[in-house]
Amino acid sequence: MPDPCLLFHLSDIHFGLEDHRALDWVQQEIADKRPDAVAITGDLTMRARQHEFDAACAWIGALEAPVTVEVGNHDLPYFNPIQRFFDPYRRIRAIADKVEVDLALPGLVIVPLKTVARWQPRPNWSKPRGLRDAGDDDQRDPRGRDAAAQAG
């Protein structure tokens with residue numbers, strides 16, 4: 001049996017509204033614990049602005065571990081629809097060697113799968129299909145019993 005792998009997973013860093021103390025802590029944890037790989041998923045930036053990507057790319061590039069990155073919906077150009085559809089990763093070319101890259105480790109392969117959509121034909125296409133507001137709950141428990149009837 002191969003030695004166990006240590007994998008760190010980060011998500012929704014949101015450069016532009018990033019927490020510098022948290023990022024410093026994560027960077028130190030990676031340096032101290034030396035994981036076999038770091039998987040960063042979704043929302044590197046808040047609004048896909050160039051200065052946010054510059055900060056994200058500099059931080060990711062300084063990590064002392066193999067890294068794979070999967071972008072999120074916040075990382076597609078919001079204010080530039082032409083770039084969003086035709087060249088959405090233009091602003092992250094500094095880490096192009098880490099974006100959507102499989103990482104093979106002993107006994108494990110990390111395969112990032114892109115789930116972000118550039119556009120969807122519906123009024124609020126930034127929200128995934130099938131999600132409802134919490135207020136839309138039909139008040140039934142998993143066994144199908146009416147929660148209101150149980151309370152009474």
Side-chain angles (χ1 to χ4, degrees), residues 1-138 141-142:
M1 185 163 151
D3 290 334
C5 289
L6 179 60
L7 172 65
F8 282 14
H9 175 230
L10 311 173
S11 185
D12 298 279
I13 299 171
H14 288 279
F15 276 87
L17 287 177
E18 70 274 24
D19 180 337
H20 291 281
R21 286 183 45 195
L23 292 174
D24 291 345
W25 175 79
V26 167
Q27 198 164 24
Q28 189 61 51
E29 285 291 301
I30 291 170
D32 291 347
K33 300 227 168 60
R34 306 193 55 76
D36 296 292
V38 176
I40 302 175
T41 56
D43 300 344
L44 300 176
T45 66
M46 191 62 204
R47 293 279 179 236
R49 295 180 190 260
Q50 188 63 57
H51 70 276
E52 295 170 354
F53 279 119
D54 290 345
C57 290
W59 187 82
I60 291 167
L63 296 177
E64 298 176 11
V67 176
T68 186
V69 175
E70 184 54 67
V71 298
N73 64 315
H74 282 242
D75 301 322
L76 297 181
Y78 183 77
F79 300 106
N80 185 339
I82 292 172
Q83 187 179 10
R84 181 179 182 102
F85 293 107
F86 297 106
D87 195 9
Y89 299 155
R90 175 187 201 174
R91 297 177 182 179
I92 55 174
R93 288 197 175 125
I95 59 167
D97 62 326
K98 298 174 184 350
V99 176
E100 298 173 3
V101 173
D102 296 357
L103 289 181
L105 304 171
L108 172 73
V109 177
I110 302 169
V111 180
L113 301 175
K114 181 178 8 181
T115 59
V116 67
R118 295 181 193 183
W119 178 77
Q120 297 174 30
R122 60 174 195 254
N124 190 352
W125 54 272
S126 68
K127 295 196 185 285
R129 289 178 193 236
L131 288 183
R132 301 177 306 166
D133 291 334
D136 292 343
D137 190 2
D138 67 356
D141 75 11

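- Interatomic distance, His74 NE2 to Ile13 CD1, rounded to the nearest 0.5 Å: 13.5 Å.
- Checking Ile40, Ile30, Val26 one by one against Phe8, the side chain to side chain contact (heavy atoms under 4.5 Å, CB included) holds for a single residue, Ile30.
- For the pair His9/Ile110, no side-chain contact is recorded, criterion being any heavy-atom separation below 4.5 Å from C-beta on.
- Identified under the salt bridge (Lys or Arg N to Asp or Glu O under 4.0 Å) test for residues 105-116, with sequence neighbours left out: Glu100-Lys114.
- Counting heavy atoms from C-beta outward, Val67 and Ile95 have side chains that stay 4.5 Å or more apart.
- Note that SG of Cys5 is 5.0 Å distant from CG of Leu105, once rounded to the nearest 0.5 Å.
- Residues Tyr89 and Asp75 are not in side-chain contact: their nearest non-hydrogen atoms beyond the backbone lie 4.5 Å or more apart.
- How far CZ of Arg91 is from CZ of Arg49: 8.5 Å, rounded to the nearest 0.5 Å.
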For this session: Please test Asp36 against Leu7 for side-chain contact (heavy atoms from CB on, under 4.5 Å), starting from the C-alpha separation and ending with a verdict.
Result: CA-CA 6 Å; Asp36 296 292; Leu7 172 65; over 6 Å; no
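- There is a side-chain donor-acceptor pair under 3.5 Å between Gln50 and Asp54.
- A donor-acceptor pair under 3.5 Å is absent between the side-chain atoms of Thr41 and the main chain of Glu70, judged by distance alone.
- In this pair, Trp59 and Phe15 present their aromatic rings tilted. The plane angle is within the 30 to 60° band.
- Rounding to the nearest 0.5 Å places CG of Leu10 at 10.0 Å from CG of Leu44.
- For the pair Pro66 and Pro35, the tightest heavy-atom approach, listed with the atom from each and the gap, is CD-O, 4.4 Å.
- Counting heavy atoms from C-beta outward, Asp102 and Thr68 have side chains that stay 4.5 Å or more apart.
- The two residues Leu103 and Ala37 have their closest heavy-atom pair at CD1-CB, 3.7 Å.
- Side chain of Glu52 to backbone of Ala48: a donor-acceptor contact under 3.5 angstrom is found.
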Exercise. Where do Val38 and Lys98 land on the side-chain contact (heavy atoms from CB on, under 4.5 Å) test, with the steps shown first?
Worked result: CA-CA 10 Å; Val38 176; Lys98 298 174 184 350; over 6 Å; no
